[in-house]
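Single-structure report; data block below.
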Amino acid sequence: MSINWLRFVSPSLKKPSLFHLCHLPPPPSSSSSAVIVAMSYDKELAAAKKAASLAARLCQKVQKALLQSDVQSKNDKSPVTVADYGSQALVSFVLQQEFPDNFSLVAEEDSKDLRKDGGQEIVERITKLVNDSLTSDGSYNVTLSTEGVLKAIDNGRSEGGSQGRHWVLDPIDGTKGFLRGDQYAIALALLEGGKVVLGVLACPNLPLTSLSDAGQHSPNNKVGCLFFAVVGGGTYMQPLDGSSAVKVQVNAVENPEEASFFESYEAAHSMHDLSSLIAQKLGVKAPPVRIDSQAKYGALSRGDGAIYLRLPHKGYREKIWDHAAGCIVVTEAGGVVTDAAGQPLDFSKGKYLDLDTGIIVTNQKLMPLLFNAVRKSIQEKASSL
């Protein structure tokens, strides 16, 4: 889809508030500047959407006929599938084709386990999936060898940092959700000088209508969403089939009693008891919506809920690929993303985010109330130990 940024870019861009986040540069002060900023990433956005959409199709194909042999176990015991590797290889290949000079990718997977004895069969399956995807797209007249696929996967070994341009990829964010047939996302972002300037979230199982209306598994509701955002240009959502995009905004609710909140499905990813205490202090009445992956960021950006809490257990270090794309998708939709100390997420330090306790996300009106509830709840939990 060709994007008319003159039509998409908002004519007036607000100045950043106290909680202007994602470590983004301040937005331009005039509409003409806004168009220039958005236009400067036109090629990058088109390539990112193409890469994420291709990867999403590959993942959908695998999920429909998931075989036991498709699942391995990484050192951290989280499951990884041929779709993880195939998704990363596809995105890496497309981006390198489009931007061959100074290409840098920070991504979750590498080929180490695939190169071990006994890995040849799964490598051949990944290679077939990647080549089938490239053939069906038709943009690239190429057939990758198994070694070519492994090298594409290993292109994601960049460390990132504050200098230059780096793509950031989670080829399947929410692998356990993927394996259950629930929510997952292909999350792709672009860092420029350590700041997130572009983000794309492909969410193959997310309904096109609000989760509050349809639930996660409504049989009559179409699924498959692509969210995308460029700094200064707002956030948009379109069906994964490529039809027209619509601009989205976060939920504007101001009364926390009327707010609903998202948290991670896996208890290992977030302290549900702490989230419950925070919700109690806010007076939130609705039960939490627990779904996997950065699909939560996408759902929040279009107003499905008003709060997202990610409060992992002590010792867990967040990786930049788990939040970069989601962060800009929410902030460009008018939302706010901070750590539990109210500090912006800093993506300029390499593969990891150095955070205070966790990540909190909401709209600008609710953030002061949420921040206070979070701090009080953390203090109470600490004093009770």
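We use all heavy atoms of the structure for the numbers below, so side chains are in, but hydrogens, waters and symmetry mates are not. The first residue of the sequence shown is numbered 1, and numbering continues consecutively from there.
Ser384 places a side-chain N or O within 3.5 Å of a backbone atom of Lys381 that can act as its donor or acceptor partner. In this structure, the side chain of Glu318 does not engage the main chain of Asp354 through any donor-acceptor pair within 3.5 Å. The closest donor-acceptor contact from the side chain of Thr362 to the backbone of Ala306 lies under 3.5 Å. With hydrogens and angles ignored, the 3.5 Å screen pairs no side-chain donor or acceptor of Ser348 with any backbone N or O of Ser162. No donor-acceptor distance shorter than 3.5 angstrom exists from the side chain of Ser377 to the backbone of Val374, with no hydrogens or angles considered. Looking only at distances, a side-chain donor or acceptor of Thr331 sits under 3.5 Å from a matching main-chain atom of Cys327. At least one donor-acceptor pair under 3.5 Å links the side chain of Asp173 to the backbone N or O of Gln294. A donor-acceptor distance shorter than 3.5 angstrom exists from the side chain of Lys296 to the backbone of Ile291, with no hydrogens or angles considered.
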Legend entry - From CA spacing to verdict: ring-ring contact (aromatic ring centres under 6.0 Å, His included), Tyr297, Tyr308: CA-CA 8 Å; Tyr297 280 110; Tyr308 167 32; 5.2 Å; yes

Inset, instruction - Kindly determine whether Lys112 and Asp110 satisfy salt bridge (charged side-chain N to carboxylate O under 4.0 Å, His left out), including the steps that lead there. - result: CA-CA 6 Å; Lys112 182 174 64 175; Asp110 63 55; 5.4 Å; no

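A continuous path of Ile, Leu, Val, Met, Phe, Trp and Tyr side chains, each step under 4.5 Å between heavy atoms, connects Val253 with Leu369, placing both in one hydrophobic cluster. Linking ILVMFWY residues whenever their side-chain heavy atoms come closer than 4.5 Å, directly or via other members, places Phe99 and Phe228 in the same cluster. A single hydrophobic cluster is not seen to contain both Val361 and Leu277; linkage of ILVMFWY side chains at heavy-atom distances under 4.5 Å, directly or through other members, places them apart. Transitive grouping of hydrophobic side chains (ILVMFWY, heavy atoms separated by less than 4.5 Å) keeps Val200 and Leu208 in distinct clusters. Connection of Trp321 to Phe103 is established within a shared hydrophobic cluster, with ILVMFWY side chains joined at heavy-atom distances below 4.5 Å, either directly or through further cluster members.
Side-chain atoms of Leu129 and Lys61, non-hydrogen and from C-beta on, do get closer than 4.5 Å to each other. In this structure, the side chains of Leu366 and Glu254 stay at 4.5 Å or more apart for every pair of heavy atoms. Between Gln97 and Tyr140, some side-chain heavy-atom pair lies under the 4.5 Å cut-off. At a threshold of 4.5 Å between non-hydrogen side-chain atoms, the residues Gln63 and Pro204 do not count as touching. Side-chain contact between Glu109 and Asp154: absent, with no pair of heavy atoms (C-beta onward) separated by less than 4.5 Å. Looking at heavy atoms from C-beta onward, Arg310 lies in side-chain contact with Tyr316 at the 4.5 angstrom threshold.
Side chain to side chain, Asp292 and Gln183 fail the donor-acceptor criterion of an N or O pair below 3.5 Å. Defined by atom type and a distance below 3.5 Å, a donor-acceptor pair is present between the side-chain atoms of Ser275 and Glu263.
Crowding of Asn141 atom CG: a count of heavy atoms from other residues, nucleotides or ligands under 6.0 Å not exceeding 12. For Lys351, the NZ atom sits in a packed shell: over 12 heavy atoms of surrounding residues, nucleotides or ligands are nearer than 6.0 Å. No more than 12 heavy atoms of other residues, nucleotides or ligands shown are found within 6.0 angstrom of NZ on Lys151.
Ring centroid separation for the pair Tyr184 and Phe178 comes in under the 6.0 Å cut-off.
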